[in-house]
Amino acid sequence: MAMAMLPRMAFAARNTLRSLRTGVQPGSKTRLVVETSSRPTYSLSYPQNQLVINISNATANNGIKPTLASDGLVKSISQVQNGDTLQIVANLKKSIATIQKSQIMILEPNGDNDYRLVLDFVAGTPTTASKPASGGATAKSVSSMYTTTSATPTTAITAARKYVIVVDAGHGGKDPGCIGKGGTREKDIVLSVAKKLKTKLDSNGFKTYLTRSDDRYLKLAERASIAESRHADLFISLHANANPSRKMKGFSIYTLSEKASDEEAKKLAEAENAADKIGVEGFTEFEENIRIALSSLQQHAVAEMSEEYATGCAKSFKKSSIEQQPGPDVRHAPFAVLRSTVPGALLEIGHLSNQSEEKLLKSGAHQDRIVDAIVRSVKNYNFEV
């Protein structure tokens, strides 16, 4: 007997809404928590006095009664089932500013909780059109589907500000970094690339700052604090590598993690962090002055955003046919320069210890290829959700 063919979606497990709740965070932020049975794929839109969350392949749960903080911005929350997409409509006391990625987190199941999409927001005017999360459904107007409130259709909004990028040329001054067999100094190569990168990013509509524009020494904490003081959206630290094996070559990309992904990453972080030992004050004082005032939620959010950028950057380098060091696309290590509230990555753009790559890194044409790859990675990075 022939078996009837069922639609593919019949076999896909639907995500289910578990709970909805709001609270108030320091800085007059309202926190909305959407708990679901599996990890949500979502997008956001900002009709007047509303926040709309679209969760794809998800089912409404009308038995849920939202728990709302009386002093938050959310007046009420309703659910709309639109085909395979669940729309959660938060009716607000005031319109809100576009929610930055650093204020969004997906928490893994923990104890009695399932997956939680956590959104922190304040009153204001949205500054940019919303973009769906990876694999998410595009946000749609709720005015035709939700009749108990007067929702306004979402419209595209032109960005009102430039994204701020801080580019850090590693080492400098009394710290030359690694030195190639031909005498090429890391600090000179990365400064040259940083200056070119600033020019190219600025010409592409970004606001770019350099941690150093000349041959000066900066402590690692100073570099990270520059990114914070500039309210940067992204921090890119440029370095060139050295390896005991003269045959080793290629770029590598790192993000911050308290545990190194491998022994090589650990040793590299130790070498880069040791740059502070050159300072008169010593490494101990630097450790005491590290400015980490993050909740565990924010730490996780910055780590996820950094990982997203680094992964895209690695793809961009490979697309430009820039040789990659053998190993994973993104590695992790406790780099002091990345200890910040700003998402970022450390880019080792090549090996000065490799004679052929030392010549490449000195080449203006190769530096331009590196700059073009980084610019493409920044342009492709999703600054907003």
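Numbering of residues begins at 1 and proceeds along the displayed sequence. Keep in mind that the numbers below use all heavy atoms, side chains included, and drop hydrogens, waters and symmetry copies.
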Check whether any side-chain heavy atom of [X] sits under 4.5 Å from a side-chain heavy atom of [Y], and report yes or no.
| X | Y | value |
| --- | --- | --- |
| L347 | F251 | no |
| N57 | N15 | no |
| Q367 | I189 | yes |
| V375 | L197 | yes |
| E348 | Y254 | yes |
| H239 | H171 | yes |
| Y309 | I236 | yes |
| K315 | N380 | no |

Under a plain distance cut-off of 3.5 Å, with no hydrogens placed, do N354 and R246 share a side-chain donor-acceptor pair?
no
Would you say the side-chain atoms of S95 and Y46 include a donor-acceptor pair closer than 3.5 Å?
no
Give the minimum heavy-atom separation between [X] and [Y], together with the two atoms involved.
| X | Y | result |
| --- | --- | --- |
| S237 | D168 | OG-OD2, 2.6 Å |
| P326 | M248 | CD-SD, 3.8 Å |
| V74 | A90 | CG1-CB, 4.3 Å |
| S252 | N241 | OG-ND2, 4.1 Å |
| S19 | I64 | N-CD1, 3.6 Å |
| M105 | L107 | CG-CD2, 3.8 Å |

Could you state the interatomic distance from [atom1] ([X]) to [atom2] ([Y]), rounded to the nearest 0.5 Å?
| X | Y | atom1 | atom2 | answer |
| --- | --- | --- | --- | --- |
| I374 | C313 | CD1 | SG | 6.0 Å |
| I253 | Q325 | CD1 | CD | 11.0 Å |
| N91 | Q50 | CG | CD | 5.0 Å |
| H366 | S320 | NE2 | OG | 10.0 Å |
| S316 | I370 | OG | CD1 | 11.5 Å |
| K101 | D233 | NZ | CG | 11.0 Å |

Okay, side chain of [X], backbone of [Y]: is any donor-acceptor separation there less than 3.5 Å?
| X | Y | answer |
| --- | --- | --- |
| T199 | K195 | yes |
| S306 | G344 | yes |
| Q81 | A58 | yes |
| Q87 | V80 | no |
| N54 | Y42 | no |
| E35 | D114 | yes |
| T311 | E308 | no |
| Q103 | Q100 | no |
| R230 | I165 | no |
| N61 | L17 | yes |

Step by step, would you call L361 with T184 a side-chain contact (heavy atoms from CB on, under 4.5 Å)?
CA-CA 9 Å; L361 290 171; T184 308; 5.9 Å; no
Heavy atoms of other groups near [X] [atom1], more than 12 under 6.0 Å:
| X | atom1 | answer |
| --- | --- | --- |
| Q355 | CD | no |
| K207 | NZ | no |
| K181 | NZ | no |

Begin with the C-alpha distance, continue with both residues' side-chain angles, and end with the deciding distance and a verdict on side-chain contact (heavy atoms from CB on, under 4.5 Å) for T36 and L86.
CA-CA 11 Å; T36 55; L86 168 62; over 6 Å; no
Under 4.0 Å between a side-chain nitrogen and a carboxylate oxygen: does that hold for R376 and D372?
no
Check this for me, if you would: do K187 and D175 make a salt bridge, where the nitrogen-to-carboxylate-oxygen distance has to be below 4.0 angstrom?
no
Evaluate M305 against L234 for side-chain contact (heavy atoms from CB on, under 4.5 Å), listing each step before the verdict.
CA-CA 9 Å; M305 289 184 287; L234 190 63; over 6 Å; no
Out of K318, K249, R369, which one pairs with E323 under the salt bridge (Lys or Arg N to Asp or Glu O under 4.0 Å) rule?
K249
Which is it for T208 and D202 under the side chain to side chain donor-acceptor pair (under 3.5 Å) test, yes or no, and what are the steps along the way?
CA-CA 6 Å; T208 314; D202 285 345; 2.9 Å; yes
Yes or no on side-chain contact (heavy atoms from CB on, under 4.5 Å) for N204 and V378, after CA distance, side-chain angles and deciding distance?
CA-CA 10 Å; N204 276 272; V378 174; over 6 Å; no
